[in-house]
Amino acid sequence: MSTNLVEAEAVRTEQRKPRASIDLRSDTVTQPTAEMRRAMAEAEVADDVYGEDPTMNRLHERAAQIFQKEAAIFVPSGTMGNQVAIRCHTQHGQEIICEERAHFINLESATVAAFSGCQPRTIYGEDGVITWAQIKQKIAPPAYYRAQTGLIELENTGSLTGGTVFPQDVADEICDSAHEMGLPVHLDGARIFNAATAMGKPVAEIARKFDSVMFCLSKGLCAPVGSMLVGSKAFIDRARVFRKAMGGGMRQSGVLGAAGLIALEKMPARLQEDHDNARLLAEGLAEIRGIKIDAKKVRTNILVFSIVGTGMDTAEFSRKLGDKKVLAAGIDHEQMRFVTHNDVSREDCGKVLEVVRGICV
Ligand code: TLP
């Protein structure tokens, strides 16, 4: 047994990991690092609903600084972040224009209807990218019987579209044109640090024209819990009200904030490694009979590929992977999604390709 404190800590973290499988289901499965666990144990805390938690206040300040926005607020999940933002920007009975595979309408339990009383007005965009030319046509005319457009929502990177990066000039044009019409634009930037890595831009530049941005600490950045909203001070003051209404007002949450600070400051620097691993997987998969993927399009840590040519559906494909201790899931009957992250090494990716080759014979 090691007596070195750092080594011992690393070993303990290692022992806590249920590492029997290679888990490609999502980057949400990442384990907090040993440094995060130490910071959580030592965090200085107080009641955050009173606004007194020093660690949480530091996280809010740093997030606002990094994103060059007036203010920020921690929320327990990306879902709550998106839905609080939507509630802030809209009124009941309005429409939200978005891409048809947007996370907030497909995987957030219809909260947009239940909490904000809005309906989505969707558009299909190649690789998840919608343009102002498309959006313009969906903006409701001012007829009394038409639900009025209340918000435009974009996603960067696209979760269900294969980690796709939203081009900055397209997003800028949407924000400028929407603002001219008095419409706000929200960015679901759950993986904005992956986008920033792929685009070679700071997150502040990507976020600049958006009225609000949600980003996750708990995905590729490895924090155990939490997401953040950034925007104007008035927006964040309003978000605090709706966060409380949704049950997201937490007390000594600096325990989570301590891990969040490390996620924010230290973890973005390693995301390129996940992107390189995703590309390696994509290139290997492209050579396997029955699988279809354009490896050149894989720029971040998510890859979506068709398995139609294998004769299996995604349930059978996932089951066969699972039998070989590789965890992954389909996004529908025909398309699988793999997500790389801090707990998947390059060597693991080699093993995954071997397993896939084995089940596609
Ligand atoms: N996405 C999860 C699942 O819900 C699919 C994943 O594994 O990718 N926005 C985007 C773009 C997301 O991908 C997610 C999570 C969220 C919001 C919601 O975040 P959480 O899970 O923290 O509520």
Side-chain angles (χ1 to χ4, degrees), residues 23-32 73-87 96 98-112 114-116 120 122 125 127-130 151 153-166 171 186-196 198 203 206-207 210 212-230 242-243 246-248 250 253 256 259-260 263 271 274 278 299-304 314 318 327-332 335-344:
D23 197 341
L24 298 172
R25 286 172 301 171
S26 183
D27 46 10
T28 58
V29 303
T30 43
Q31 293 283 318
I73 191 168
F74 181 87
V75 283
S77 68
T79 298
M80 191 184 288
N82 279 336
Q83 299 299 336
V84 162
I86 289 165
R87 183 71 186 80
I96 302 167
C98 62
E99 210 277 336
E100 65 182 42
R101 289 158 290 177
H103 191 280
F104 85 100
I105 55 165
N106 288 293
L107 297 166
E108 297 184 10
S109 314
T111 311
V112 70
F115 190 57
S116 294
T122 61
D127 297 326
V129 178
I130 54 175
L151 178 69
E153 193 268 6
L154 306 179
E155 197 171 301
N156 196 7
T157 65
S159 176
L160 296 179
T161 52
T164 45
V165 172
F166 205 101
H186 171 69
L187 177 66
D188 178 345
R191 298 183 178 84
I192 195 172
F193 284 94
N194 294 90
V203 286
I206 300 172
F210 288 92
S212 56
V213 178
M214 185 284 288
F215 70 93
C216 295
L217 300 164
S218 64
K219 298 196 165 62
L221 303 185
C222 300
V225 177
S227 297
M228 301 203 75
L229 272 175
V230 295
F242 291 122
R243 180 185 72 166
M246 287 190 104
M250 294 165 290
S253 50
L256 303 175
L271 292 175
D274 298 342
R299 292 178 61 197
T300 65
N301 69 326
I302 301 180
L303 42 145
V304 169
T314 50
S318 305
L327 304 183
I331 60 169
D332 54 29
Q335 297 184 95
M336 290 292 299
R337 187 180 81 149
F338 281 179
V339 186
T340 56
H341 52 77
N342 190 37
D343 298 329
V344 173

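Whatever order the structure lists them in is the order used to number ligands and atoms, beginning at 1.
With ligand atoms numbered from 1 in the order given, ligand 1 contributes 8 (O), 11 (C), 13 (O) to contacts under 4.0 Å with heavy atoms of Ser159. Every atom of ligand 1 with a heavy atom of Ser77 under 4.0 Å away is listed here by number and element: 22 (O), 23 (O). Contact atoms of ligand 1 toward Glu108: 17 (C) (distance under 4.0 Å to a heavy atom of the residue). Those atoms of ligand 1 that come under 4.0 Å of a heavy atom in Ser26, given as number and element, are 6 (C), 7 (O), 8 (O).
Residue Thr79 touches ligand 1 through backbone and side chain together, judged by heavy-atom distances below 4.0 Å. Only the side chain of Asn82 comes within contact range of ligand 1, with a heavy atom under 4.0 Å; no backbone atom does. The proximity of Ala190 to ligand 1, defined as any non-hydrogen pair under 4.0 Å, is limited to the side chain. Counting heavy atoms closer than 4.0 Å to ligand 1, residue Met80 contributes nothing at all. Contacts between Arg25 and ligand 1 below 4.0 angstrom, taking non-hydrogen atoms only, are absent altogether. Of all the heavy atoms of Gln83, none lies under 4.0 Å from any atom of ligand 1, so neither backbone nor side chain is involved.
In this structure, CG on Asp274 lies 7.0 Å from CG on Asn342, to the nearest 0.5 angstrom.
Checked by distance only, ligand 1 and Arg337 come closer than 3.5 Å through their nitrogen or oxygen atoms. At least one N/O-N/O distance between Gly78 and ligand 1 falls below 3.5 Å.
The protein non-hydrogen atom at the shortest distance from atom 9 (N) of ligand 1 is Asp188 OD2, 2.6 Å. Of the protein's non-hydrogen atoms, the one nearest atom 21 (O) of ligand 1 is Lys219 NZ, 3.9 Å. Annotation: atom 8 (O) of ligand 1 to nearest protein heavy atom, Arg191 NH2, 2.8 Å. Looking only at protein heavy atoms, the nearest one to atom 2 (C) of ligand 1 is His103 NE2, 4.0 Å. Of all protein heavy atoms, the one closest to atom 5 (C) of ligand 1 is Leu107 CD1, 3.6 Å.
Between the Ser218 side chain and the Ala223 main chain, no donor and acceptor come within less than 3.5 Å of each other. One N or O on the side chain of Glu99 and one on the backbone of Gly125 form a donor-acceptor pair closer than 3.5 Å. When atom types are taken as modelled, the side chain of His103 and the backbone of Gly158 share no donor-acceptor pair closer than 3.5 angstrom. Side-chain atoms of Asn194 do not come within 3.5 Å of backbone N or O of Arg299 as any donor-acceptor pair. The backbone N or O of Phe166 lies less than 3.5 Å from a partner atom in the side chain of Asn156, making a donor-acceptor pair. A donor-acceptor distance shorter than 3.5 angstrom exists from the side chain of Glu155 to the backbone of Ser159, with no hydrogens or angles considered. Between the side chain of Ser227 and the backbone N or O of Gly81, no donor-acceptor pair lies under 3.5 Å. Judged by distance alone, the side chain of Asp188 and the main-chain N or O of Ala190 form a donor-acceptor pair under 3.5 Å.
The shortest side-chain heavy-atom distance between Ser26 and Arg337 falls under the 4.5 Å cut-off. Arg191 has its side chain out of reach of Cys216: every pair of non-hydrogen atoms, C-beta onward, lies at least 4.5 Å apart.
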